[in-house]
Amino acid sequence: LREQRLFRRNLAKWTSDAKEAEQNVKSQFRKYKRLVASEEEAEDALSSYNSALTTAIRRFPRLKEVHFDNEPGKCQHMFSQRFGARFEKVEFPIPFDRDTGSTVWQIRELLVAIANAKSILEKLVVHSMAPSFFQFLTVRATNKTHQAVSSLKHLSLSFRLNEGHEHVDDGSCFAILDRGGLKNMLEASPLLEHLEVRFDHYPEGGVTALTNVLGDAAWPKLRCLRISQLSTTEEELMACLIRQQSLTEVSIAWMT
């Protein structure tokens, strides 16, 4: 009987401590979710207004070249100082991840603003572009995006997997490209002379099919083509290259 009482007393103490720890974790996590939600609401509020950006771009009537650089290795401060200060009150680490998801609307707003400002852009370089960019485009935003890239001579797109997909081997996170959003965007740039499409942080080829990227398009002035990590057949690849009558430089890597 004594051993039973000792066992029950220890069990009750252990269970009580566990419940207290669990409640503390849940309380901290509720605070964490509220903080994240408040910051996302602030970003969403900004994302619906690009009038200031359009006004700013109109101040540069001879704007020809735009770079969008979201390389996570250069800067981890993807949230405001205000957001960082809030996280001092909770025990969870601030989520300085490398996810490109938060920049999807930023790239969209930038291209829409360029279209609204009627800028004649000749060069666009986008680093760390999320595949989901093409998933959330409305018809209006798609038309504006195509308008923004219609005058391009140089286009370089570097896609990056979202944080949760960096070790996915089957490429399923790029399935959105199968719908043709990227292909349609490239076809809306008939003046291209330099085209580069690559996929960072992916182990090897087979991200998506060549036809989902280049389709059956022909760019009469295309001199330089750089592609990587795509799947295709010999016939499709040769037909694609032959259609580009002005090619003088070709770079092909990690193809399957």
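Note that this is a predicted model, so its numbers are computed, not measured.
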Would you say that [X] contacts [Y] through its side chain, given a criterion of any heavy-atom pair below 4.5 Å between the two side chains?
X    : Y    : value
L124 : L111 : yes
N116 : I57  : no
F199 : L177 : yes
L121 : V149 : no
R198 : W254 : no
E234 : L237 : no
H146 : M185 : yes
L182 : N212 : no

Could you pull out all residues at least two apart from [X] that satisfy side-chain hydrogen bond (donor to acceptor under 3.5 Å, both in side chains)?
X    : result
E249 : R226
S156 : E196
N143 : none

Sequence neighbours left out, what passes salt bridge (Lys or Arg N to Asp or Glu O under 4.0 Å) with [X]? Give chain and number order.
X    : value
R223 : E193
E236 : none
E235 : none
R243 : none

Quick one: [atom1] on [X] to [atom2] on [Y], what's the gap to the nearest 0.5 Å?
X    : Y    : atom1 : atom2 : value
F159 : S228 : CZ    : OG    : 11.0 Å
T54  : K118 : OG1   : NZ    : 12.0 Å
D216 : T211 : CG    : OG1   : 8.0 Å
C240 : I227 : SG    : CD1   : 6.0 Å
N10  : R5   : CG    : CZ    : 13.0 Å
I120 : I114 : CD1   : CD1   : 12.5 Å

Under the criterion side-chain contact (heavy atoms from CB on, under 4.5 Å), I'd like the reasoning laid out for M129 against F68: C-alpha separation, chi angles, the key distance, then a yes or no. CA-CA 9 Å; M129 187 174 187; F68 184 98; over 6 Å; no
Transitively linked via ILVMFWY side-chain contacts under 4.5 Å: [X] with [Y]?
X    : Y    : result
I252 : L186 : yes
V250 : L157 : yes
L192 : L241 : yes

By side chain to side chain contact (heavy atoms under 4.5 Å, CB included), which residues pair with S27, not counting sequence neighbours? R30, K31
Can you list everything that forms a side chain to side chain contact (heavy atoms under 4.5 Å, CB included) with K123? Sequence neighbours excluded, please. E65, H67, V125, H154
Which salt bridge (Lys or Arg N to Asp or Glu O under 4.0 Å) pairs, counting each pair once, include a residue from residues 144-158, with sequence neighbours left out? none
Pairwise side-chain hydrogen bond (donor to acceptor under 3.5 Å, both in side chains) hits with a residue in residues 179-191, at least two apart: none
Apart from V139 itself, members of its ILVMFWY cluster (side-chain separation under 4.5 Å) are none
All heavy atoms of Q147 vs all of A115, minimum pair found to be NE2-O, 3.2 Å
Minimum heavy-atom distance between P220 and P190, given as atom pair plus value: CD-O, 3.9 Å
Expected output: side-chain Q244 to main-chain L222 donor-acceptor under 3.5 Å: no
Partner of W219 under side-chain contact (heavy atoms from CB on, under 4.5 Å), picked from L191, L247, L214, is L214
